Amino acid sequence: MAGHHHEHGHGNEHEHEHEQEREHDYLQRPPSGSERTRSISFSKLLSRSWKRNGSSSNGVSVSSVNLNSDAENSKEPDHNDSGSEGQSSRFSKLKSMFQSGNSSKNTSAHNSSQSSLEGDSASSSKLRYVKPMTAPANAPPESPPLSPTIPENDVLQTPKMVHIDQHEHEREHSQCGSPIMLSPPSLSPTIAKAGAGRRRSPSTPIMPSQNSKNNGSGSAARPNNHRHHSSSQGFSSNNPFRERTGTVRSSNPYFAYQGLPTHALSSHDLDEGLQSYPNAGGIHFLSTPTSKTNSLTNNRNLSNLSLNEIKENEEVQQFNSEVLFFHDIPKDVPLRDTLNDSPIRDSSKSPTTTQPFPSIVVGYGNQYDDDSDNDHDNEKEERIKTKGKPRNLSPAKQNGKSTHPRIKIPLRRAASEPNGLQLASAASASSSSSTQKKSQPTDINDKNLGQSMLPSNSFFPQEPPPKISDFQEPRRSRRLRTKSFSNKFQDIMVGPQSFEKIRLLGQGDVGKVFLVREKKTNRVYALKVLSKEEMIKRNKIKRVLTEQEILATSNHPFIVTLYHSFQSEDYLYLCMEYCMGGEFFRALQTRETKCICEDDARFYASEVTAALEYLHLLGFIYRDLKPENILLHQSGHIMLSDFDLSIQAKDSKIPVVKGSAQSTLVDTKICSDGFRTNSFVGTEEYIAPEVIRGNGHTAAVDWWTLGILIYEMLFGFTPFKGDNTNETFTNILKNEVSFPNNNEISRTCKDLIKKIADQKRIQAVRLQNGCS
Ligand SMILES: Nc1ncnc2c1ncn2[C@@H]1O[C@H](COP(=O)(O)OP(=O)(O)OP(=O)(O)O)[C@@H](O)[C@H]1O
């Protein structure tokens with residue numbers, strides 16, 4: 001955790017350090033590399049076994065990093081040193097701070113995690129070790145209600161226990177109390193009852209307008225301040241979980257009651273800009289990197305640009321111009337050529353204001369938006385090629401027989417295969433064509449869907465999927481043509497109808513998350529469907545862009561993998577790795593004590609630390625760490641999710657490795673050195689003092705939240721919670737962390753929390769870790 005402690009600029013001192021340690025620095029990014037290139041370089045931090053190496057069902061290797069035998073790579077050591085060591089050493093640092101007399105367990109957890117890295121290196125990128133997560137024998141395993149055609153054994157791969165003696169494992173858990181169940185315990189009414197009166201908090205920020213109504217009233221929660229969950233997950237409107245005041249953004253109730261300072265009104269990375277565009281004509285959602293529509297739709301490459309430089313209104317303007325572009329495709333230009341060439345848009349025209357959303361539809365979701373328009377099939381295709389006329393990818397039906405449209409815009413990237421969730425991928429590889437033929441549209445009007453703000457059948461068109469051979473070969477986006485990424489992504493064509501809905505997993509602020517099955521491969525994913533309309537209403541455009549950017553950029557075992565992203569006319573789709581264990585928050589809340597033992601907390605804290613370090617190295621500040629945003633993978637490891645409050649540091653810098661190969665520390669703080677933001681974001685009980693004060697904050701806020709998280713894991717509540725928002729904020733600003741007496745948490749652990757989440761200790765921690 002060396003990298004996050006100081007908050008002010010390093011200036012010449014750090015420059016000097018850079019020079020001195022350059023020869024040890026195998027994490028150097030290319031001097032003028034893009035953000036993406038930089039992230040690639042960082043990937044070398046991770047051992048190969050950590051990387052999401054995978055192979056596609058068609059046998060194409062999708063190694064996640066460049067393995068060119070250049071000098072830099074030749075330095076890439078095993079995971080016993082170098083990058084992994086960089087991570088490990090920070091684990092060790094954390095561990096040593098955590099260290100109690102019970103060191104063998106620490107070692108067990110740590111080493112087991114390490115072992116799993118080694119053990120899985122060849123076959124899977126996901127860590128398999130599941131120390132605290134084993135479900136009790138009598139616990140009902142959560143089995144996604146997959147279709148009978150899906151081999152359940154493949155779906156629910158038994159987590160591989162690496163180097164863990166079962167008896168030892170049981171012993172550990174008997175000491176730690178009941179383990180967190182991998183399956184959502186809320187399925188059990190009895191367990192759910194144990195958490196009566198508690199409700200999980202929303203994780204999306206309240207809108208300024210909404211919040212302003214609540215200022216000073218105690219709660220910063222937005223009107224619909226808790227998420228909806230499908231009944232299939234065991235959540236009803238009578239949510240048994242505690243209520244935590246919501247994630248806040250922009251409007252600071254603390255300042256409201258103390259007198260609002262000017263900075264609280266001037267955050268540059270907020271969404272207010274959009275409000276001046278009440279008639280915004282649409283949004284611009286980036287395709288994921290391999291989409292050739294990237295070159296078509298993106299004037300600007302977000303990978304090379306700080307998201308902070310993008311204003312909401314700018315996005316809308318840009319999007320509008322793109323709408324125009326799609327309307328202006330020259331008639332005599334074949335679509336293929338259009339797709340393959342970066343267009344020069346007619347920016348002289350004003351944005352279309354008559355269309356609330358773009359008429360261009362990317363992916364397949366729009367193919368069925370206009371079923372009544374069968375007779376104009378050919379005309380529509382012609383329109384696409386016709387300059388000045390709207391492009392409309394309506395359903396293509398001929399002679400009463402439905403066919404796929406002839407214009408297809410593949411839009412997605414595919415990273416490595418989902419780990420542990422492949423459904424007979426080998427079989428599908430050998431019989432992909434037959435699988436396609438067998439794939440029939442499923443009735444998506446699932447009764448379990450519950451109250452839906454989004455029409456379900458527009459998520460998943462009910463037409464049979466087009467054959468893969470009917471699609472034009474997509475061209476890889478220039479965005480990913482850096483050599484390191486060149487072999488990471490595949491060009492795969494998916495759209496909404498490539499998936500079959502299984503059930504609703506949860507609902508966020510502007511969309512829903514479904515468990516889906518990809519028809520072609522039988523793999524399950526979590527598909528986040530975001531309503532463009534809701535995004536605009538709630539000024540969430542930039543936040544969704546940020547989330548997509550981070551997910552697409554990240555390649556880390558503890559950050560949820562984004563496999564595809566695409567859009568239809570009304571929705572954006574993020575196809576992510578399915579985390580079977582659900583929210584860590586629920587896992588905590590459904591325990592009788594609402595907390596876990598120190599060893600388990602150490603395990604999870606270490607993984608969160610690794611994920612945060614990684615994000616910081618990429619120049620991202622997470623800013624919303626809390627149990628609700630931590631998902632549990634079936635492997636038992638955590639997955640950080642929900643990046644919509646994250647921010648990317650401007651001019652993020654190259655990380656510097658300190659120390660030797662045996663004891664390596666990576667200064668992650670330097671990556672966002674000098675970057676401060678004034679946004680008032682976070683979750684009330686987790687918000688850092690500097691955020692409340694509003695004098696700007698840095699990546700250090702994530703370490704504050706880590707301290708609160710550790711506290712909550714250990715004690716079942718957060719340290720500064722007051723009766724209302726103002727009291728909570730006052731506690732955060734003035735109180736020291738105090739601990740209940742009725743537990744057996746080690747002094748070392750308490751010291752760690754104090755050092756992380758106590759303002760008076762922050763400087764001491766900085767010094768202790770050798771940071772200026
Ligand atoms: N990859 C995933 N695997 C399993 N469940 C998921 C996954 N992603 C999300 N979920 C579930 O869906 C719910 C809603 O997710 P989502 O990210 O939309 O909510 P959210 O955090 O409130 O979003 P936002 O803050 O953007 O409104 C989560 O609470 C979680 O239970």
Side-chain angles (χ1 to χ4, degrees), residues 142 144 182-186 199-207 221-230 232-235 239 241 244 246-249 271 418-421 450 453-454 502-516 523-531 534-535 537-548 550-551 554 558-565 571-587 589-590 622-635 637-646 681-683:
E142 187 202 25
L182 187 57
S183 57
S186 54
R199 188 192 303 161
R200 62 158 311 200
S201 70
S203 63
T204 46
I206 50 176
M207 293 297 103
R222 54 186 161 82
N224 53 341
N225 71 340
H226 64 274
R227 281 181 257 189
H228 309 282
H229 299 274
S230 68
S232 59
Q233 270 195 313
F235 293 90
N239 195 317
F241 297 105
R244 171 143 62 206
T247 305
V248 294
R249 189 208 70 169
D271 298 331
N419 299 286
L421 294 177
M453 72 171 182
L454 311 173
I502 297 174
R503 65 183 167 95
L504 182 68
L505 291 173
Q507 182 167 338
D509 200 30
V510 294
K512 293 181 175 180
V513 179
F514 293 92
L515 175 63
V516 298
R523 295 176 195 137
V524 290
Y525 297 94
L527 187 63
K528 190 168 184 172
V529 185
L530 300 151
S531 161
E534 288 297 319
M535 286 168 56
K537 275 184 192 165
R538 295 175 178 272
N539 294 342
K540 295 265 288 186
I541 297 172
K542 184 180 173 186
R543 299 197 180 278
V544 171
L545 288 171
T546 303
E547 180 162 30
Q548 194 240 14
I550 294 177
L551 288 173
S554 300
F558 305 142
I559 294 176
V560 70
T561 303
L562 177 72
Y563 288 98
H564 313 282
S565 64
Y571 303 104
L572 310 178
Y573 300 82
L574 297 175
C575 181
M576 302 174 291
E577 185 163 15
Y578 171 50
C579 297
M580 182 182 292
E583 292 175 7
F584 186 62
F585 181 79
R586 283 179 216 155
Q589 289 298 306
T590 49
Y622 185 46
R623 304 203 296 184
D624 199 20
L625 181 65
K626 56 180 176 178
E628 292 91 326
N629 288 340
I630 298 171
L631 300 177
L632 293 169
H633 191 261
Q634 75 164 16
S635 65
H637 296 277
I638 63 111
M639 291 277 168
L640 229 50
S641 70
D642 202 359
F643 296 91
D644 64 349
L645 293 190
S646 302
V681 295
T683 295

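Start at 1 and go down the list; that is how both ligands and their atoms are numbered. All values derive from a computational prediction rather than experimental measurement.
Interface of Leu505 with ligand 1, defined as ligand atoms under 4.0 Å from a residue heavy atom, comprises 4 (C), 5 (N). Ligand-side atoms of ligand 1 in range of Met576: 8 (N), range being under 4.0 angstrom from any heavy atom. Of all the atoms in ligand 1, the ones that sit under 4.0 Å from a non-hydrogen atom of Lys528 are 16 (P), 17 (O), 18 (O), 23 (O), 26 (O). Against a heavy-atom cut-off of under 4.0 Å, Glu583 is close to the following atoms of ligand 1: 28 (C), 29 (O), 30 (C), 31 (O). Close approach to Gln507 involves these atoms of ligand 1, each under 4.0 Å from a residue heavy atom: 14 (C).
Leu527 places none of its side-chain heavy atoms less than 4.5 Å from the side chain of Leu574. Looking only at side-chain heavy atoms (C-beta outward), Val529 and Leu572 stay at 4.5 Å or farther from each other. Two residues are said to be in side-chain contact when any heavy atoms from C-beta on lie closer than 4.5 Å; Asn539 and Ile541 fail this criterion. Using a 4.5 Å cut-off on side-chain heavy atoms (C-beta onward), Ser646 and Arg623 make no contact.
Taking the ring centroids of His564 and Tyr573, they lie at or beyond the 6.0 Å cut-off.
The shortest heavy-atom distance from Arg543 to ligand 1 is not under 4.0 Å. Met639 does not count as a contact of ligand 1, since none of its heavy atoms falls under 4.0 Å from the ligand.
In terms of polar-atom proximity, Glu577 is counted as a contact of ligand 1, with an N or O under 3.5 Å from an N or O of the ligand.
When Leu631, Val513, Asn629 are checked for heavy-atom proximity to atom 12 (O) of ligand 1, Val513 turns out nearest.
Contacts between Ala526 and ligand 1, counted as non-hydrogen atom pairs separated by less than 4.0 Å, involve the side chain only. Contacts with ligand 1 closer than 4.0 Å are made by side-chain heavy atoms of Arg586 only, the backbone lying farther away.
Checking side-chain atoms of Ser641 against main-chain N and O of Asn629 turns up a donor-acceptor pair under 3.5 Å.
Checked options Asp624, Leu551, Thr546; the residue passing with Phe643 is Leu551 (criterion: side chain to side chain contact (heavy atoms under 4.5 Å, CB included)).
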